[in-house]
Amino acid sequence: TVRLLWDRSRQSGLVHYHRPRPGDLVFFDNTYDADGNRRWNDRLSHVGVVLSVDEAGTITFAHGGATCA
């Protein structure tokens, strides 16, 4: 699960808050109503993998079989 990936990353000292690099995981909150309570309050609801970061800071990442920028 996304929570498990987050917890293991934190426990391993791999969580950072700087400009990502290819291969880094990116975590998202509130991408959908995971608990069905009709409120946008669901932490760690999605994860992706950074593919590239251009000079302007645009991050391209893959998630769920799709590529987004």
Side-chain angles (χ1 to χ4, degrees):
T1 66
V2 176
R3 170 63 69 183
L4 178 63
L5 287 169
W6 173 259
D7 289 343
R8 293 284 168 92
S9 297
R10 284 191 53 204
Q11 291 167 0
S12 299
L14 299 173
V15 173
H16 56 83
Y17 299 92
H18 62 77
R19 188 174 183 153
R21 295 177 295 230
D24 285 350
L25 297 178
V26 289
F27 293 89
F28 299 89
D29 294 331
N30 304 316
T31 57
Y32 67 99
D33 183 18
D35 60 11
N37 68 354
R38 304 177 115 186
R39 296 185 344 198
W40 290 96
N41 62 349
D42 300 295
R43 295 201 62 229
L44 299 171
S45 57
H46 199 68
V47 65
V49 178
V50 175
L51 300 176
S52 65
V53 182
D54 70 17
E55 290 185 21
T58 301
I59 301 165
T60 301
F61 63 94
H63 69 105
T67 300
C68 298

To the nearest 0.5 Å, atom CG of Leu14 lies from atom CZ of Arg8 at 12.5 Å
Rounding to 0.5 Å, atoms CG (Asp33) and CG (Asn41) come to a distance of 7.0 Å
Shared hydrophobic cluster for Val26 and Val15 (ILVMFWY, side-chain gaps under 4.5 Å): no
In short, Ile59 meets Pro20 closest at the heavy-atom pair CD1-CG, 3.5 Å
Fill in: Trp6 side chain near Leu25 side chain, heavy-atom distance below 4.5 Å
no
- Query: Do Val2 and Phe28 come within less than 4.5 Å of each other through their side chains, counting heavy atoms only?
  - Reply: no
- prompt: So do the side chains of Asp29 and Leu44 get within less than 4.5 Å of each other, counting heavy atoms only?
  reply: yes
Here the gap from Arg21 atom CZ to Ser52 atom OG, rounded to the nearest 0.5 Å, amounts to 14.5 Å
Does CZ in Arg19 sit with more than 12 non-hydrogen atoms of other residues, nucleotides or ligands closer than 6.0 Å?
yes
Closest non-hydrogen contact found for Thr31 with His46 is OG1-CB, 3.5 Å
Exercise. Between His63 and Phe61, how do the two ring planes meet: parallel, tilted or perpendicular, split at 30° and 60°?
Worked result: tilted
- Can any side-chain N or O of Asn30 pair as donor or acceptor with the backbone N or O of Asp42 at less than 3.5 Å? yes
